[in-house]
Amino acid sequence: RRYGGPGVVRVVEGEDAILPCSLSTKEDIVQKLFDWKKDGQKEVFLYDAGIHYNNGRPGQDEQFKGRVSHFQEELKYGNASIIIRNTKIEDRGNYTCAFPRLKPEGKIFNIELIVEWTFKNRNISGAAPPPYLKNLGATEDGVLLQCVVRGAFPKPKVEWQDSDGNVLPAEEPHVSERGGRYDVTLLTNVTKTKTNRFRCVATQENIGHVTDDDIYVPFCGEISFNWCLNLQILLGFEEHAH
């Protein structure tokens with residue numbers, strides 16, 4: 001896990017998150033009660049003198065069943081931290097760790113959990129398939145590349161990048177919609193780089209999906225424009241014959 005500041009834990013979807021909660025007195029809490037809740041209502045983990053959700057106590061919210069545990073050996077040092085395994089986007093929110101029976105007025109700790117999108121190819125309805133890339137051939141000042149993303153919902157953001165991940169200038173994308181799905185075509189004119197590899201990236205942030213593909217562009221040097229155009233198109237097709 002990573003701490004994003006006081007009272008904040010930041011993880012990427014699928015990672016485990018440790019939510020810290022420790023008494024400054026370090027007093028033994030093996031026979032005490034502590035209660036973890038999410039957003040003030042969802043029961044995350046309740047421990048009461050050895051009885052808890054993982055050994056028979058009912059009442060845990062379905063969202064957290066089988067994914068939350070405490071650190072038994074740490075209880076004698078006042079440590080009521082928990083671990084949430086295989087975090088999900090819906091786990092993000094505000095958590096409280098409460099000791100309601102502590103004198104004089106109880107004690108509550110507040111933790112914010114931030115779960116970030118994984119951004120990987122996701123098998124979700126509407127997730128964009130990998131883009132189709134095509135070398136359209138040489139222009140007077142470079143090579144024209146086409147990226148086509150088909151059948152995506154919601155509408156993806158499509159970008160061309162160089163091999164270092166820098167976003168490249170491109171024409172306005174051409175977007176069409178059919179039956180609630182979007183097709184996006186993006187053209188860019190590229191010039192020679194140290195790798196001559198270029199990547200098209202399609203991102204759908206609201207469903208946490210990203211997909212991409214890359215293409216190698218052979219540059220022709222000082223040969224005739226028409227011959228270079230034909231060579232570019234031929235090599236472009238060969239590059240993406242797979």
Side-chain angles (χ1 to χ4, degrees), residues 2 4-5 10-15 89 92 114-242:
R2 295 177 296 283
R10 186 184 298 271
V11 296
V12 173
E13 179 188 16
E15 292 181 343
I89 293 299
R92 59 188 173 188
I114 298 173
V115 183
E116 299 172 341
W117 291 112
T118 304
F119 286 117
K120 61 186 178 183
N121 288 310
R122 300 163 69 90
N123 185 21
I124 299 174
S125 176
Y132 174 73
L133 309 186
K134 189 175 180 181
N135 183 336
L136 298 182
T139 63
E140 292 184 356
D141 55 356
V143 174
L144 188 63
L145 300 181
Q146 180 187 67
C147 174
V148 180
V149 179
R150 295 191 176 97
F153 179 83
K155 183 172 68 176
K157 179 177 73 173
V158 180
E159 295 176 324
W160 276 104
Q161 300 177 359
D162 63 19
S163 57
D164 292 325
N166 300 308
V167 177
L168 300 175
E171 299 180 8
E172 280 295 311
H174 177 267
V175 181
S176 60
E177 186 262 337
R178 292 177 299 174
R181 300 295 181 101
Y182 291 90
D183 295 346
V184 181
T185 300
L186 187 65
L187 300 178
T188 189
N189 196 77
V190 299
T191 54
K192 189 175 176 63
T193 67
K194 63 176 183 274
T195 64
N196 293 336
R197 295 204 78 89
F198 302 91
R199 180 177 303 275
C200 183
V201 182
T203 305
Q204 294 164 288
E205 287 193 12
N206 31 4
I207 61 170
H209 176 70
V210 65
T211 186
D212 62 4
D213 201 359
D214 70 332
I215 187 171
Y216 172 74
V217 177
F219 285 85
C220 301
E222 301 299 322
I223 59 177
S224 79
F225 180 80
N226 288 335
W227 192 88
C228 182
L229 179 65
N230 293 329
L231 178 64
Q232 290 283 357
I233 293 174
L234 174 64
L235 291 175
F237 281 134
E238 288 180 350
E239 165 71 14
H240 266 257
H242 68 277

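Atom-to-atom distance recorded for K134:NZ and T185:OG1 is 11.0 Å, nearest 0.5 angstrom. Separation of atoms CD (Q161) and SG (C200) is listed at 8.5 Å; rounding is to 0.5 Å. Atom CZ of residue R197 and atom CG of residue D214 lie 4.5 Å apart, to the nearest 0.5 angstrom. Taken to the nearest 0.5 Å, the OG atom of S176 stands 10.5 Å off from the OH atom of Y182. Interatomic distance, R178 CZ to R150 CZ, rounded to the nearest 0.5 Å: 8.0 Å. Of the inter-residue distances, the one linking R10 atom CZ with E15 atom CD reads 12.0 Å to the nearest 0.5 angstrom.
Between the T188 side chain and the E171 main chain, no donor and acceptor come within less than 3.5 Å of each other. A donor-acceptor contact shorter than 3.5 Å links the side chain of Q204 to the backbone of P154.
Here the closest non-hydrogen pair linking G151 and D183 is N-OD1, 2.8 Å. Across every non-hydrogen atom of F198 and T191, the tightest pair is CZ-O, 3.6 Å. Of all the heavy atoms in P156 and V149, the pair that sits closest is CG-CG1, 4.2 Å.
Applying the side chain to side chain contact (heavy atoms under 4.5 Å, CB included) test between Q146 and each of L136, L186, I215 identifies L136 as the sole match. Screening V158, V148, T211 for a side chain to side chain contact (heavy atoms under 4.5 Å, CB included) involving P131 leaves a single residue, T211.
A heavy-atom distance below 4.5 Å is not found between the side chains of V11 and I114. Side-chain contact between D212 and P130 is absent, with no heavy atoms from C-beta onward closer than 4.5 Å. In this structure the side chain of L187 never reaches within 4.5 angstrom of the side chain of W160, judged on heavy atoms.
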Fill in: Trace of the side-chain contact (heavy atoms from CB on, under 4.5 Å) decision for K155 with V175
CA-CA 9 Å; K155 183 172 68 176; V175 181; 3.7 Å; yes
Item to complete: Could you walk me through whether L145 and L133 pass the side-chain contact (heavy atoms from CB on, under 4.5 Å) test, one step at a time?
Response: CA-CA 7 Å; L145 300 181; L133 309 186; over 6 Å; no
Discussion item. Determine whether L144 and N135 satisfy the following criterion, side-chain contact (heavy atoms from CB on, under 4.5 Å), listing intermediate values before the conclusion.
Written reply: CA-CA 6 Å; L144 188 63; N135 183 336; over 6 Å; no
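Counted by atom type alone, N189 and T139 present one or more donor-acceptor pairs between their side chains at under 3.5 Å.
Look at R199 and D213 and you find no salt bridge, because none of the NZ, NE, NH1 or NH2 atoms lies under 4.0 Å from a carboxylate O. For the pair K194 and D162, the salt-bridge criterion is not met [side-chain N within less than 4.0 Å of a carboxylate O].
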